[in-house]
Amino acid sequence: MSAGAAAIPDLGELIRPEHVHGSVYSSEALFEAELEKIWYRTWVYVGHVSEVPNANDYVLKSIGRQPVIMTRDRDGGIHLLLNRCTHRGNQVCVFDKGNTRTFTCPYHGWTFSNTGQLRGYPFPSGYEGADRENLGLGRVPRMAQYKGFVFGSFAEEGPSLEEHLGGALEAIDRLVRNSPEGEVEITAGFLKHKAKANWKFLVENETDGYHPQFVHASIFSVAESGIGDLYSSDSTAVTRYLGGGHSECDLRPEFRRLDKPLGWFGTSAERMPDYVEAMNAAYGADKAREIMIDGTPHTMIFPNLFIAEIQIFVLEPVAVNETIQHVTAIQFKGAPEMNRRLRQQTMGSVGPAGFLLADDSEMYERNQRGIQVRDPEWVFLGRGKHRERLDEDGFMVGDATDEVPSRGMWAHYRAMMEAE
């Protein structure tokens with residue numbers, strides 16, 4: 001620990017099997033330690049290859065607080081570069097996205113290729129003998145892709161991406177199967193929502209099946225969607241901890257019971273004939289029907305990617321009490337009819353005039369204010385502890401409204417924070 005740095009709290013005193021102390025959401029010292037031990041050590045979702053579809057495309061992203069440029073070079077390779085000139089530290093890219101073969105620092109004119117190599121600098125005689133090979137842009141040490149989803153890790157060594165994803169791999173597989181071409185595209189543009197709350201509140205909420213009936217009652221009523229019933233005490237849906245901090249609300253048991261194609265989205269040949277025809281052609285009628293009934297996943301991939309059935313959310317921790325949510329509609333390759341509905345539903349639920357994200361954001365911020373209260377100082381996460389059980393794959397599951405995901409996430413969080 002550097003001189004003058006605040007002491008990191010003893011997590012053994014703050015995180016228990018069914019209780020979490022409120023200070024873990026508000027400690028500045030803990031937040032800084034999280035960046036080093038979680039965000040700069042594990043695999044973090046950065047972006048999707050479809051965001052840079054053409055040679056020399058780029059898009060600005062982040063890992064924790066680190067600004068990252070995701071580029072595609074002229075040969076199609078994907079790179080994760082750090083947005084910092086190696087001369088005097090100025091940012092070399094200020095536009096959210098674009099197309100370029102080079103980045104030029106505005107301070108002294110140093111120029112870098114979109115693969116990170118230093119191309120040149122003005123008045124080169126002043127750098128006689130300089131090692132240009134070691135003056136390229138910094139890069140994220142490890143990068144890997146799964147089904148087009150790009151992840152980066154600042155750890156030079158560690159588990160592979162597939163090992164990190166573990167049980168969450170199946171969620172991505174299930175997602176892409178809803179495309180007749182087996183691919184998703186992230187092309188609808190992102191909305192950015194700032195919540196004055198700690199990032200862990202958001203992670204917990206994404207697979208919390210206890211709150212929808214109450215927090216989202218108004219939008220469920222107006223939309224007459226029936227979604228709230230999926231999270232009732234009578235629901236056959238389950239919550240599941242997938243290991244590695246990942247979790248899900250598995251709604252498939254309810255969708256299968258109701259025999260409702262593509263979950264609550266209501267896919268049918270009458271409503272979306274072109275999509276159903278394309279799915280039948282791609283998978284065969286029986287398999288296509290199975291895929292469309294099971295629908296898309298509701299899975300939180302720790303620490304920052306939430307696949308929310310028709311959207312993805314990407315979490316960006318800005319401060320101990322501030323998180324930015326980047327949200328976009330999922331688009332399925334080869335499914336224009338479906339994609340129009342996905343965009344419309346996304347704008348209605350999480351857009352500027354949408355209710356769903358506004359409801360959740362209000363809860364996050366109330367939580368952040370509430371945990372400042374000194375009595376009681378603990379958050380209780382014991383719901384469903386008595387009935388949690390292992391499923392056929394060895395994952396811990398609970399009823400739709402149980403807090404299995406939160407308990408699992410906190411155990412993983414503590415293990416990461418205490419690791420050397």
Side-chain angles (χ1 to χ4, degrees), residues 33-52 59 61-66 68-73 75-82 115-116 137-177 179 182-184 186 199 203 206-207 240-248 250 297 299-307 312-317 330 390-391 393-396 405 408-420:
E34 290 167 355
L35 292 174
E36 296 298 329
K37 288 180 169 287
I38 295 177
W39 292 89
Y40 303 154
R41 184 174 294 184
T42 192
W43 287 100
V44 176
Y45 174 70
V46 178
H48 193 272
V49 294
S50 60
E51 296 179 75
V52 285
V59 62
K61 296 292 184 177
S62 66
I63 296 179
R65 282 177 168 170
Q66 296 295 307
V68 173
I69 314 170
M70 185 169 77
T71 70
R72 185 185 289 274
D73 65 30
D75 298 319
I78 303 294
H79 304 268
L80 299 182
L81 309 176
L82 302 184
T115 60
L137 293 177
R139 60 178 59 244
V140 178
R142 290 195 296 159
M143 183 198 72
Q145 303 177 33
Y146 187 75
K147 301 292 177 71
F149 290 81
V150 178
F151 294 76
S153 173
F154 281 107
E156 297 279 354
E157 298 178 348
S160 68
L161 175 60
E162 286 77 10
E163 289 170 328
H164 165 74
L165 291 173
L169 279 172
E170 192 272 338
I172 298 178
D173 292 340
R174 195 188 334 156
L175 176 67
V176 301
R177 282 198 297 267
S179 161
E183 295 181 41
V184 300
I186 306 302
W199 66 277
V203 172
E206 309 305 23
T207 51
R240 178 178 289 109
Y241 180 60
L242 297 167
H246 318 310
S247 59
E248 70 176 353
D250 189 351
T299 302
M300 180 66 217
I301 298 179
F302 188 85
N304 73 322
L305 174 61
F306 175 36
I307 301 174
I312 66 167
F313 289 73
V314 185
L315 307 184
E316 178 187 355
I330 292 168
L390 294 178
D391 67 11
D393 296 314
F395 297 124
M396 190 66 71
M409 186 278 287
W410 279 111
H412 178 72
Y413 169 91
R414 180 178 171 182
M416 288 201 71
M417 293 294 290
E418 292 180 339
E420 295 297 327

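These numbers come from a predicted model, not from an experiment.
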For the residue pair [X] and [Y], what are the closest heavy atoms and their distance?
| X | Y | value |
| --- | --- | --- |
| Met143 | Leu80 | CG-CD1, 3.6 Å |
| Pro141 | Ala155 | CB-O, 4.3 Å |
| Lys61 | Val46 | CD-O, 3.2 Å |

Could you label the plane-to-plane angle of the His164 and His246 rings as parallel, tilted or perpendicular, counting under 30° as parallel and over 60° as perpendicular? perpendicular
Legend entry - Parallel, tilted or perpendicular: ring planes of Trp199 versus Trp39, cut at 30 and 60 degrees: perpendicular
Is a side-chain donor or acceptor of Tyr40 paired with a backbone partner of Arg65 at a separation under 3.5 angstrom? yes
Here the side-chain hydrogen bond (donor to acceptor under 3.5 Å, both in side chains) pairs for residues 152-161, sequence neighbours left out, are Ser160-Glu163
Side-chain contact, heavy-atom cut-off 4.5 Å: Phe154 with Val140?
yes
Can you find a pair of side-chain heavy atoms, one from Met396 and one from Leu390, that are under 4.5 Å apart? yes
Exercise. What's the verdict on side-chain contact (heavy atoms from CB on, under 4.5 Å) for Thr207 and Met409, showing C-alpha distance, side-chain angles and the deciding distance?
Worked result: CA-CA 11 Å; Thr207 51; Met409 186 278 287; over 6 Å; no
Sorted by chain and residue number, the side chain to side chain contact (heavy atoms under 4.5 Å, CB included) partners of Ile186 (sequence neighbours excluded) come out as His48, Ser50, Glu51, Phe190, Ile312, Thr328
| said: So, taking the atom named CZ in Arg72 and the one named CD1 in Ile78, what distance separates them when rounded to the nearest 0.5 Å? | reply: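 Answer rounded to 0.5 Å: 4.0 Å.
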